[in-house]
Amino acid sequence: MSRYDASSIEPKWQKAWEEAGTFAATRDPSKEKFYVLEMFPYPSGRIHMGHVRNYTMGDVVARYKRNMGFSVLHPMGWDAFGMPAENAAMATGGHPKDWTYKNIEEMKSQMKPMGWSLDWSRELATCDPEYYGQQQALFLDFLEKGLVYRKNAVVNWDPVDMTVLANEQVIDGKGWRSGAEVERRELTQWFFKISDYSDELLSALDGLKDWPEKVRLMQANWIGKSQGLRFAFERVDGGDPIEVYTTRPDTLMGASFVGISADHPLAKELAAADPKIAEFAALCRKGGTTAAELETAEKLGMDTGLRVKHPLDPNWELPVWIANFILMDYGTGAIFGSAAHDQRDLDFARKYGLPVIDTFFDLKDPKPVENTAFLPPKTEKVKWVSHFTGLDEATGEEAIAATVEFAEKAGWGTGHTQYRLRDWGLSRQRYWGCPIPVVHCDACGVVPEKKENLPVELPYDVSFDIPGNPLDRHPTWRDCACPSCGKPAKRETDTMDTFVDSSWYFARFTAPRADTPTVAEDVDYWMNVDQYIGGIEHAILHLLYSRFFARAMNMTGHLPEKSREPFNALFTQGMVTHAIYKTTSAEDRPVYHYPEQVEAREGGVFVKDTGEQVEVIPSAKMSKSKNNVVDPLAIIADFGADTARWFVMSDSPPERDVEWTASGAEGASKHLARVYRIVSDIADATGEGTGDDDLLREMHKTIKAVSEGIEGFAFNTSVAKLYGFTNTLQKSQAGAGAKKTAARTLAQLMSPMTPHLAEELWSMLGGEGLVADAPWPKLDEAMLVEDTVTLPIQVNGKRRDEITVPTDMDKAEVEKLALATEGVQRALDGNPPKKVIVVPGRIVNVVA
RNA sequence: GCCCGAGUGGCGGAAUGGUAGACGCAGGGGAUUCAAAAUCCCCCGACUUCGGUCAUGUCGGUUCGAGUCCGACCUCGGGUACCA
């Protein structure tokens, strides 16, 4: 008898699938389609366990749906633009393009042996002009429809390297290479007008029934719809009024100051005239641009000396302060500070000795605010201090509504709906991205490139020896003719955010070689993505941008109406984590060690070579820079792809993070070998036996459980059921016929997870054709019906005994039997039961 | 800081509000073997006077019954608009 040998089985079946063209997606109007997509990878050069998990999940669904009779589209491509390629070029002197394509080849060669049912003929890379040229066409169409514009926005500026830094390149407020203190600087940048869709992107979330609730919630909070009041403070000096937006206009009588952003036009005007203010504004601009950094920075303010009039009392003057915590990007870049009812305003008021005025109190405990702002839920009733609208006891919600009405009637303010969502800045001052296809002409201004001149290709002859964007300093690439007047002009040197690349690739997969971004028949047939799978880390940005793009592509005729929401169902998998092993260098820099470089012994974990003790940071996201990436290739080499696939599908629920440990892969491999052994015995078996029906009943239960597990993304429970069924099959004394039926079904049920082994078993058992093409086993509901059921008997919620009764026994009879049991008698100790609860088919609870 | 999650044996985890720990890993014992590998069988939360008692991050609540629902907290993770 032969033994299970993955290294001979796997290539054999991969070849068979390839020769039969099994996984090539074809538009077949006679079949219902199913589009399975996993978020495409960044070509880092090596696949990691996260990829194996992600793509195996998608593959299980894709194969299952094929077996269910769908015409399946399951493509693969590369999110190939981005910073790592430039970083590699800087570090090693190579070229981003060469580095990227080499990585793609390497990763592909690692992915092929996994046996994923991918249609490789649709492979695309976002750094390919065939792809990004079409992206430029989309950009031009969006521009024409008014969905793209230019405005100023802040970036992280490294004053030593004279370059823009990404947020991850700013460490503790300093540039990662220069170490210089980073400052915020304004640049003119390109923006997508995602804010046009704020309300629709929010309200449409309700329709995304097959998205995780948490993702919809995160997106809703991100869009951040709020109702408030807009009004202007008149300046005492008669200058331009200061427009503010507030969500708590009801607390206007508690105003203690007006605050403006350091980037507010008024702040700039004052800074131009007063060096002290200019100095303070510069101080406010220190540090990076991230929200976390801005929010946690020490609150700083400076009195401008300007005074404004309170809208409800012209004799009441409020000071105008510049404050570093007010963002120019949100609202009007100016607020009024209501210190008693906003913690940030309160801290600020206490720090600078500004008044704190209570405007309402707790009904039960009316005491003035000290150093904790009073912020009850807006739905809770509070006691107002002589509110100008006449309210006495009312909720915040009621007070806000009354205030807006009051202000509108009086004519000094208007109700306003504000969104936290900002327009999407897409400009990047970098080389390795999609060039923005516009031209700057002295005579005509900013002019879109002509479509027939697309793609605007990146030049190859660039260098990365000095910081900054090589496109800026390229000797000739920028030179071009103005598309409008034909005179010499300069190309835009900004490239696009890589989120743009990933915002429409799912649509491009439906016609990846077309000379338009999409093709109507293909998007009509294949869209939408029926099941999208990816990391939870993309819950907000990537998914929101894609939802915007789908709408914009619909508006510009590249996607049908039905695709305005492009992903019908979303599953967010957890990450594969692994401990980080960290030490600190002599220069006080962190040093990360690979798992194979360290060993655990008594007293801790140590570096093998040096004996130095390492700090173990558990359950950290696998990251190349932290050296905690586990290599799946070793597992494939040792045990085969099916073992790797089976292992990542078992145990951990897919939505949860999984901490990778080396033990377990061997167990998975042993199990597959055992299945192989059991099935080959059955393949040779003949004759009658006993318990055929029991085996077939168990088989149908397994069909049900495995199918439900796959449909419900609980692959781990499908795997557990398959373990159980294998045990049953092994112990079964049934005849050869029943056993063969059961074994054939086992092969089919395993086929989404371990397709190579399944094909081998299928052919061993004389199955027709490929198991990849075979219809999914049919469930016989009649086989699931049981005649008896075992009921646990509880007394006061604690299990005391159990009884086995006919499934259809009536409640009174069950109650009688339950009370008679030894366990219940003992627990009752002669006392009569107060109450007996019988849940048919489930449980009996006796209340003593 | 803010938003969103997660927490169950030594480990990964299972459990429509209904027997907590399915299934697997590791571990222990046995069979087979000259011996081993491989395989097969059994045991495996803690304590126990063997009746039970305690156990699902902590503390409270709802319920006949809570891992599951509600409230507060702790710890860890993700996102935070230029990492992808």
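Worth saying up front: this structure is predicted, and the values here are computed from it rather than measured. Proteins come first, then strands; the chains are lettered A, B, ... in the order of their sequence lines, and each starts at number 1. Just the heavy atoms: all of them, side chains too, but no hydrogens, waters or symmetry mates, feed the values below.
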Colleague: When you get a sec, tell me which of U19(B), U53(B), G79(B) is the closest nucleotide to the side chain of Lys798(A)?
Modeller: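 So the nucleotide nearest the side chain must be U53(B).
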
Colleague: Tell me if G9(B) is syn or anti. Syn = glycosidic torsion within 90° of 0, anti otherwise.
Modeller: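 Because its glycosidic torsion lies within 90° of 0, G9(B) adopts the syn conformation.
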
Colleague: Ion pair present between Arg285(A) and Asp263(A), side-chain N to carboxylate O less than 4.0 angstrom?
Modeller: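 Between Asp263(A) and Arg285(A) there is a salt bridge, with a charged N closer than 4.0 Å to a carboxylate O.
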
Colleague: Please tabulate, one pair per line, all N/O donor-acceptor pairs under 3.5 Å involving side-chain atoms of residues 789-801 of chain A, not counting sequence neighbours.
Modeller:
unit_1    : atom_1 : unit_2    : atom_2 : d
Thr790(A) : OG1    : Thr804(A) : OG1    : 3.1
Asn796(A) : OD1    : Ala848(A) : N      : 3.0
Arg799(A) : NH2    : Glu802(A) : OE1    : 2.9
Asp801(A) : OD2    : Gly823(A) : N      : 2.8

Colleague: Based on Watson-Crick and G-U pairs with both distances under 3.5 Å, what dot-bracket line describes RNA chain B 5' to 3', crossing pairs as [ ] and inter-strand pairs as |?
Modeller: (((((((..(((.....[....))).(((((.......))))).(((....)))..(((((..]....))))))))))))....

Colleague: I need the residues from residues 165-174 of chain A with at least one non-hydrogen atom less than 4.0 Å from RNA chain B; give them sorted by number, or say none.
Modeller: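 Those residues whose heavy atoms fall under 4.0 Å from RNA chain B, taken from residues 165-174 of chain A in numerical order, are Leu165(A), Ala166(A), Asn167(A), Glu168(A).
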
Colleague: Can you tell me how far P in C23(B) sits from the matching atom in G45(B), rounded to whole Å?
Modeller: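 Approximately 13 Å lies between the P atom of C23(B) and that of G45(B).
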
Colleague: Using a strict cut-off of less than 4.0 Å between a Lys/Arg side-chain nitrogen and an Asp/Glu carboxylate oxygen, indicate whether Lys214(A) and Glu655(A) qualify as a salt bridge.
Modeller: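 Salt bridge between Lys214(A) and Glu655(A), a charged N being under 4.0 Å from a carboxylate O: no.
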
Colleague: Output yes when Lys193(A) and Asp196(A) qualify as a salt bridge under the 4.0 Å nitrogen-oxygen rule, no when they do not.
Modeller: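 Salt bridge present between Lys193(A) and Asp196(A).
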
Colleague: By nearest nucleotide on RNA chain B, pick out whichever of Tyr723(A) and Gly823(A) is the more 5' one.
Modeller: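 That would be Tyr723(A).
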
Colleague: When you measure from the side-chain N and O atoms of Arg842(A) to the phosphate of U19(B), is any distance below 4.0 Å, counting only OP1 and OP2?
Modeller: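 For Arg842(A), the contact criterion (side-chain N or O under 4.0 Å from OP1 or OP2 of U19(B)) is not met.
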
Colleague: Would you tell me if any nitrogen or oxygen in the side chain of Gln730(A) comes within less than 4.0 Å of OP1 or OP2 on C40(B)?
Modeller: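 Affirmative; the distance criterion is met.
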
Colleague: NA contact type, Gly425(A), heavy-atom cut-off 4.0 Å: base, sugar-phosphate, or nothing?
Modeller: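 The answer is sugar-phosphate, as Gly425(A) gets under 4.0 Å only of primed atoms, P, OP1 or OP2.
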
Colleague: Of all the choices, G78(B), A81(B), A14(B), which nucleotide is nearest to the side chain of Met218(A) once you look at every atom?
Modeller: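 Nearest to the side chain of Met218(A) among the choices is G78(B).
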
Colleague: Under 3.5 Å, is there a donor-acceptor pair between the side chain of Asp497(A) and the main chain of Arg428(A)?
Modeller: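 Checked: no pair found.
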
Colleague: Could you check whether Ser502(A) and Asp79(A), counting side-chain N and O atoms only, form a donor-acceptor pair closer than 3.5 Å?
Modeller: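 No, no side-chain donor-acceptor contact under 3.5 Å.
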
Colleague: Work out how far the C1' atom of G77(B) is from that of C44(B), and round it to whole angstrom.
Modeller: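 After rounding to an integer number of Å, I get 32 Å for this pair.
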
Colleague: Choosing from G51(B), G79(B), C41(B), which nucleotide comes nearest the side chain of Arg826(A)?
Modeller: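 Of the candidates, G51(B) comes closest.
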
Colleague: Give the rounded distance in Å between these two atoms: CZ of Phe348(A) and C1' of G1(B).
Modeller: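 Result: 17 Å.
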
Colleague: Can you say whether a donor on the side chain of Asn221(A) sits under 3.5 Å from an acceptor on the base of C3(B), or the other way round?
Modeller: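 For Asn221(A), whose side chain was compared with the base of C3(B), there is no donor-acceptor pair (under 3.5 Å).
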
Colleague: So, using side-chain contact (heavy atoms from CB on, under 4.5 Å) as the criterion, who are the partners of Leu202(A) when residues are at least two apart?
Modeller: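 Only Leu205(A), Ala220(A), Ile223(A), Lys225(A) meet the side-chain contact (heavy atoms from CB on, under 4.5 Å) criterion with Leu202(A).
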
Colleague: Any side-chain donor-acceptor pair under 3.5 Å between Gln730(A) and Arg674(A)?
Modeller: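 Indeed, the side chains of Gln730(A) and Arg674(A) share at least one donor-acceptor pair under 3.5 Å.
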
Colleague: For Trp646(A) and Phe715(A), run ring-ring contact (aromatic ring centres under 6.0 Å, His included): C-alpha distance rounded to whole Å, both residues' side-chain angles, the deciding distance at 0.1 Å, then the answer.
Modeller: CA-CA 10 Å; Trp646(A) 183 255; Phe715(A) 307 115; over 10 Å; no

Colleague: Which label fits G51(B), syn or anti, where anti is any glycosidic angle not within 90° of 0?
Modeller: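 Here G51(B) takes the syn form, which means its glycosidic angle is within 90° of 0.
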
Colleague: Any Lys/Arg nitrogen of Lys151(A) or Glu186(A) sitting under 4.0 Å from an Asp/Glu carboxylate oxygen of the other?
Modeller: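 No, this pair does not count.
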
Colleague: Let me know, please, whether Lys835(A) or Glu802(A) comes out on the 5' side of the other along RNA chain B by nearest nucleotide.
Modeller: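 Looking at RNA chain B, the more 5' nearest nucleotide goes with Glu802(A).
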
Colleague: Any side-chain N or O of Arg656(A) under 4.0 Å from OP1/OP2 of G7(B)?
Modeller: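 Yes, Arg656(A) has a side-chain N/O under 4.0 Å of OP1/OP2 on G7(B).
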
Colleague: Measure from the side chain of Ile540(A), starting at C-beta and using heavy atoms only, and say which of A84(B), G79(B), C4(B) lies closest.
Modeller: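 Out of A84(B), G79(B), C4(B), the nucleotide with an atom closest to Ile540(A)'s side chain is G79(B).
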
Colleague: May I ask you to say whether Glu822(A) pairs ionically with Arg826(A), meaning some side-chain N is under 4.0 Å from a carboxylate O?
Modeller: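 Between Arg826(A) and Glu822(A) there is a salt bridge, with a charged N closer than 4.0 Å to a carboxylate O.
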
Colleague: What interatomic distance, in whole Å, is found between C1' of C41(B) and the corresponding atom of A55(B)?
Modeller: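 So the two C1' atoms sit 30 Å from each other.
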
Colleague: Between Thr56(A) and Met649(A), is a side-chain contact (heavy atoms from CB on, under 4.5 Å) present by the stated rule, with each step listed?
Modeller: CA-CA 8 Å; Thr56(A) 302; Met649(A) 287 298 98; 3.8 Å; yes

Colleague: Looking at A6(B), A84(B), G24(B), which one has an atom nearest to any side-chain atom of Asp651(A)?
Modeller: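 Among the listed nucleotides, the one closest to the side chain of Asp651(A) is G24(B).
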
Colleague: Lys351(A): what forms a side-chain contact (heavy atoms from CB on, under 4.5 Å) with it, not counting sequence neighbours?
Modeller: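 Partners of Lys351(A) by the side-chain contact (heavy atoms from CB on, under 4.5 Å) criterion, ordered by chain and then number, come out as Glu298(A), Leu300(A).
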
Colleague: Looking at Arg800(A), I'd like to know whether one of its side-chain N or O atoms comes within less than 4.0 Å of OP1 or OP2 on G51(B).
Modeller: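 For G51(B), neither OP1 nor OP2 has a side-chain N or O of Arg800(A) closer than 4.0 Å.
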
Colleague: Name the closest nucleotide to the Val847(A) side chain, picking from C64(B), A84(B), A20(B).
Modeller: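 Nearest to the side chain of Val847(A) among the choices is C64(B).
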
Colleague: Nearest to the side chain of Asn845(A), heavy atoms from C-beta on, is which of C41(B), G18(B), G13(B)?
Modeller: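 Side chain of Asn845(A) sits closest to G18(B).
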
Colleague: Scan residues 712-719 of chain A against RNA chain B and write down, sorted by residue number, each residue with any heavy atom closer than 4.0 Å; if none is found, say none.
Modeller: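 RNA chain B contact set from residues 712-719 of chain A: Asn716(A), Thr717(A).
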
Colleague: Is any side-chain N or O of Ser650(A) closer than 4.0 Å to OP1 or OP2 of G24(B)?
Modeller: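 Indeed not, no polar side-chain atom of Ser650(A) lies that close.
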
